[in-house]
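See below for the structure under consideration.
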Amino acid sequence: MAVQWYDVPLNLPHATKVTAKIVLHLQRLDQVQPAHEVAARLLFLLREVDTLDIHPPTQEMWEARDAAAILARLLVVNIEQGGAGSDRLGQLVRNLFECLELGREGAHLSLRCGEKPDSLLRPPR
């Protein structure tokens, strides 16, 4: 299946904002405690580096991105295992990966988190 994503440059401040929305979304769902814990860890990590908004990105920004991506992948696994997926949550996951300049990966992982392939918020084909 061909999936689309937005190809955007690394944006740690916006990744922090998207992760905060994921945390809020998961707070409402008691059955996904592991996912919420990972999202909170990810938010903490991103808040430490979200003031780094330099272009071109520095080595420190890429290292922070890589650490965030590890947690974001773990978050996807926990969302999937907890059965908490939804179209909105999947959209947020895709947006997070897009902000980490990993849009292709996020487009696929968001489907595992419940984003509908024909979601109106997915980029047009």
From CG (Leu89) to SG (Cys113), nearest 0.5 Å: 5.5 Å
Close side-chain approach of Arg73 and Leu102, heavy atoms under 4.5 Å: yes
Over all atoms of both residues, closest heavy-atom pair of Leu75 and Ala35: CD1-O, 3.3 Å
Closest non-hydrogen atom pair, Leu12 against Leu100: CD2-CD2, 4.2 Å
Salt bridge Arg94-Glu115, side-chain N to carboxylate O under 4.0 Å: yes
Check against side-chain contact (heavy atoms from CB on, under 4.5 Å), Leu96 and Leu92: CA-CA 6 Å; Leu96 171 61; Leu92 289 169; over 6 Å; no
Distance-minimising heavy-atom pair for Ala39 and Thr19: O-CG2, 3.8 Å
Separation between CG of Leu42 and CG of Leu74, rounded to the nearest 0.5 Å: 10.0 Å
Same cluster (ILVMFWY, side-chain, under 4.5 Å), Val23 and Val49: no
Co-membership, hydrophobic cluster, residues Val76 and Leu43, 4.5 Å side-chain: no
Flag for Asn95-Glu98: side-chain donor and acceptor within less than 3.5 Å: yes
Counterpart residues, side-chain hydrogen bond (donor to acceptor under 3.5 Å, both in side chains), relative to Arg41 (two or more places apart): none
Nearest heavy atoms of Pro57 and Trp62, plus distance in Å: CB-NE1, 3.5 Å
Pairing residues for Arg104 by the salt bridge (charged side-chain N to carboxylate O under 4.0 Å, His left out) criterion, not counting sequence neighbours: none
Separation of Thr16 OG1 from Arg47 CZ (nearest 0.5 Å): 8.0 Å
Side chain proximity check, Gln91 to Ser110, heavy atoms < 4.5 angstrom: no
same_hphob_cluster(Leu10, Leu45) at 4.5 Å side-chain heavy-atom cutoff: yes
Side-chain touch Pro117/Leu111, heavy atoms, less than 4.5 angstrom: yes
Smallest separation among heavy atoms of Ala15 and Leu46, with atom names: O-CD1, 3.8 Å
Distance (rounded to the nearest 0.5 Å) between Leu26 CG and Glu37 CD: 11.0 Å
Gap between atom CD1 of Ile22 and atom CZ of Arg88 - 0.5 Å precision: 9.0 Å
Minimum side-chain heavy-atom gap Phe97-His108 below 4.5 Å: no
Val18 vs His14 side-chain heavy atoms within contact, under 4.5 Å: yes
Any side-chain heavy-atom pair of Gln33 and Asn78 under 4.5 Å: no
Any side-chain heavy-atom pair of Ile70 and Asp66 under 4.5 Å: no
Under the side-chain hydrogen bond (donor to acceptor under 3.5 Å, both in side chains) test, residues paired with Glu63 that sit two or more places apart: Gln59
Heavy-atom closest pair, residues Val77 and Arg112: CG2-NH2, 3.9 Å
